[in-house]
Amino acid sequence: MILKQELESGARVLLVGPPGIGKTARVRALAHEAGMPCITISAGLRERVDFAGAIAPDLAAGIARELPLETLARVLEEAKTQRVLLFLDDLGKAPVDVQGAVKALITAGGALGDRGAVLVWGATNRVQDRAGVFGLDESLRSEFDAAYSVPVPPTLQDGLEPAWPWADEVEAWADWATITYPTALSALVAAFHLSTAGEFLYTWRPSSDVSGRWGDYRSWESVLRHNATEPARMTARVGQAVAGAYQAWARVATSMPDKQSVILAPTTTPTPPEDEPAAQWLAATSCVTWCVDEPTTLAVCQYIVRLAPPYAAFALRSLHRRRRAWLVKSKSVAAWCKDNIDLLAQD
């Protein structure tokens with residue numbers, strides 16, 4: 001992923017996108033994967049002194065010194081022994097004097113000028129998002145090596161050129177959901193978004209309706225975290241239209257075989273009809289989440305290769321990323337790949 005490459009190279013990156021699209025969450029996940037502490041500061045809630053330091057008299061030297069406050073002191077202390085990612089969220093909400101202090105802090109020669117020890121990333125919404133953003137100081141913007149627009153569905157791009165394809169974003173979210181919440185519900189929700197090309201994964205729009213709810217990364221995670229399957233509870237999180245679309249789609253789950261049947265009789269357990277893509281997506285995604293050990297994986301793979309080829313290819317690609325050591329031992333997968341190698345290689 002492009003952001004992982006930027007993190008490894010030590011570049012300063014600015015992420016731009018509307019609320020609820022996972023800017024903060026993905027930065028923290030990248031840092032965790034890289035084994036770096038990630039210290040987050042919401043710049044929109046800070047004052048100049050938080051970045052410039054508090055003025056304190058040094059009576060012995062006869063001068064005043066700028067002492068870092070608690071969060072920055074922690075950053076500098078952590079940086080003595082390891083690389084630290086300092087993530088400055090909501091930069092566009094910060095007043096001009098705060099943005100100036102941030103610029104002075106991270107510029108070459110500033111308190112955090114050593115990129116080898118402290119890597120600075122930032123994020124902001126856009127002015128048109130009606131999220132309290134008034135702009136970003138150009139001198140601060142220039143301190144970032146690269147700026148990336150986080151993908152949104154094509155219908156919501158509004159001139160925002162995404163840094164990577166929306167299809168990749170949807171598949172990555174589905175992978176995250178099924179790994180973070182290994183439940184039947186997460187498999188169902190992931191299959192729903194994959195089969196609808198992410199149309200309902202992110203539906204947020206600026207609105208003056210304070211009671212309105214939209215499907216976005218936060219609200220869908222709330223559905224998974226709280227097992228909000230009842231129509232009223234789901235509607236309270238993602239909105240009536242999105243919840244209705246999901247409930248209608250999820251009815252296909254009643255035709256799905258159960259996990260135990262697939263594991264015990266993978267070659268004879270019925271597969272969903274090939275003319276029902278929703279059910280095929282559900283079967284493929286569910287099978288991936290069931291592969292928690294080698295014997296189960298080898299059994300489930302015999303079922304996967306009986307699905308319609310596009311959905312089998314999706315499941316096998318996902319398993320290859322997660323369970324490659326087990327997957328390569330499957331004779332059924334080897335035979336399927338021999339006959340469908342072109343399909344398996346497609347994005």
Side-chain angles (χ1 to χ4, degrees), residues 170-196 220-231 233-234 243 245-340 343-344:
V170 176
E171 184 167 336
W173 188 92
D175 283 347
W176 168 85
T178 53
I179 292 173
T180 306
Y181 298 95
T183 64
L185 175 61
S186 67
L188 193 64
V189 169
F192 168 64
H193 291 307
L194 288 167
S195 65
T196 56
W220 279 113
E221 182 181 11
S222 178
V223 169
L224 300 180
R225 186 171 64 249
H226 299 286
N227 195 35
T229 56
E230 299 88 344
R233 296 180 68 213
M234 184 174 288
Y246 171 82
Q247 297 292 341
W249 182 94
R251 294 190 185 99
V252 302
T254 58
S255 63
M256 274 291 297
D258 63 272
K259 174 182 176 181
Q260 199 66 16
S261 297
V262 171
I263 295 174
L264 294 178
T267 60
T268 57
T269 298
T271 59
E274 292 196 15
D275 60 353
E276 291 188 9
Q280 288 278 334
W281 272 118
L282 176 56
T285 310
S286 299
C287 284
V288 172
T289 65
W290 294 340
C291 295
V292 295
D293 55 47
E294 183 175 324
T296 300
T297 300
L298 295 178
V300 170
C301 281
Q302 295 181 66
Y303 182 85
I304 289 175
V305 298
R306 296 174 52 227
L307 297 173
Y311 308 102
F314 161 77
L316 293 178
R317 283 198 301 267
S318 296
L319 282 176
H320 188 269
R321 288 195 300 270
R322 305 176 188 180
R323 314 293 189 189
R324 184 178 183 277
W326 302 338
L327 192 67
V328 296
K329 298 180 182 180
S330 172
K331 294 181 180 179
S332 58
V333 170
W336 187 93
C337 290
K338 183 178 180 180
D339 296 333
N340 299 274
L343 180 62
L344 191 62

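Keep in mind that what you see is a predicted model, and the values were worked out from it rather than measured.
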J.: My understanding is that only residues two or more places apart in sequence, or in another chain, count here; which of them pass side-chain hydrogen bond (donor to acceptor under 3.5 Å, both in side chains) with Ser330?
T.: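 Ser330: side-chain hydrogen bond (donor to acceptor under 3.5 Å, both in side chains) contacts with Ser332.
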J.: Rounded to the nearest 0.5 Å, what separation is found between the CD1 atom of Ile304 and the CG atom of Leu327?
T.: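 Rounded to the nearest 0.5 Å, the CD1-CG separation comes out at 8.0 Å.
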J.: Residues two or more places apart in sequence or in another chain: which of them pass side-chain contact (heavy atoms from CB on, under 4.5 Å) with Ser222?
T.: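 Scan of Ser222 (side-chain contact (heavy atoms from CB on, under 4.5 Å), adjacent residues dropped) gives Arg225, His226, Arg237.
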J.: Got a sec, which pairs hit salt bridge (charged side-chain N to carboxylate O under 4.0 Å, His left out) with one end in residues 294-314, sequence neighbours left out?
T.: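 Residue pairs passing salt bridge (charged side-chain N to carboxylate O under 4.0 Å, His left out), neighbours aside: Glu294-Lys329.
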J.: Could you tell me whether the side chain of Gln280 and the main chain of Ala312 form a donor-acceptor pair under 3.5 Å?
T.: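 No: the side chain of Gln280 does not pair with the backbone of Ala312.
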J.: Just to verify, what does Ser186 make a side-chain contact (heavy atoms from CB on, under 4.5 Å) with, not counting sequence neighbours?
T.: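 Scan of Ser186 (side-chain contact (heavy atoms from CB on, under 4.5 Å), adjacent residues dropped) gives Thr178, Tyr181, Thr183, Leu224.
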J.: Short question: side chain of Ser286, backbone of Ala283 - any donor-acceptor pair under 3.5 Å?
T.: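 Looks like no, no N/O pair under 3.5 Å.
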J.: List in chain and number order the residues that pass side-chain contact (heavy atoms from CB on, under 4.5 Å) with Ala174, two or more places apart in sequence or in another chain; answer none if no residue qualifies.
T.: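 Here the qualifying residues are Ala190, Leu194.
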J.: Go through the steps for Trp290 and Tyr303 under the test side-chain contact (heavy atoms from CB on, under 4.5 Å), then give the verdict.
T.: CA-CA 12 Å; Trp290 294 340; Tyr303 182 85; 5.8 Å; no
J.: Only counting residues at least two apart or in another chain, list the ones meeting salt bridge (Lys or Arg N to Asp or Glu O under 4.0 Å) with Arg324.
T.: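 Partners of Arg324 by the salt bridge (Lys or Arg N to Asp or Glu O under 4.0 Å) criterion come out as none, since no residue qualifies.
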J.: Nearest 0.5 Å please: distance from the CG atom of Leu264 over to the OG1 atom of Thr269.
T.: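 The distance works out to 8.0 Å.
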J.: Restricting to pairs with a member in residues 177-191, which pass salt bridge (charged side-chain N to carboxylate O under 4.0 Å, His left out), not counting sequence neighbours?
T.: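 Counting only pairs at least two positions apart or across chains, no salt bridge (charged side-chain N to carboxylate O under 4.0 Å, His left out) contact touches residues 177-191.
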J.: Go through the structure and list residues passing side-chain hydrogen bond (donor to acceptor under 3.5 Å, both in side chains) with Thr180, not counting sequence neighbours.
T.: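 For Thr180 the side-chain hydrogen bond (donor to acceptor under 3.5 Å, both in side chains) partners, ignoring immediate neighbours, are Trp176.
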J.: Any chance you could lay out the side chain to side chain donor-acceptor pair (under 3.5 Å) test for Thr196 and Trp249, step after step, and finish with the verdict?
T.: CA-CA 10 Å; Thr196 56; Trp249 182 94; over 6 Å; no
J.: Minimum heavy-atom separation for Ser318 and Glu171, please, with both atom names.
T.: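 Of all heavy-atom pairs spanning Ser318 and Glu171, the closest is OG-OE2, 4.4 Å.
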J.: Using side-chain hydrogen bond (donor to acceptor under 3.5 Å, both in side chains) as the criterion, list what pairs up with Asp293, not counting sequence neighbours.
T.: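 Only Thr296 meet the side-chain hydrogen bond (donor to acceptor under 3.5 Å, both in side chains) criterion with Asp293.
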J.: Only counting residues at least two apart or in another chain, list the ones meeting salt bridge (Lys or Arg N to Asp or Glu O under 4.0 Å) with Asp175.
T.: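 For Asp175 the salt bridge (Lys or Arg N to Asp or Glu O under 4.0 Å) partners, ignoring immediate neighbours, are Arg321, Arg322.
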J.: Report the residues that fulfil side-chain hydrogen bond (donor to acceptor under 3.5 Å, both in side chains) with Trp326, sequence neighbours left out, ordered by chain and then residue number.
T.: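 For Trp326, no residue satisfies side-chain hydrogen bond (donor to acceptor under 3.5 Å, both in side chains) once neighbours in sequence are set aside.
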J.: Considering residues at least two apart in sequence or located in another chain, which fulfil the side-chain contact (heavy atoms from CB on, under 4.5 Å) criterion with Asp339?
T.: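 side-chain contact (heavy atoms from CB on, under 4.5 Å) list for Asp339, sorted by chain: empty.
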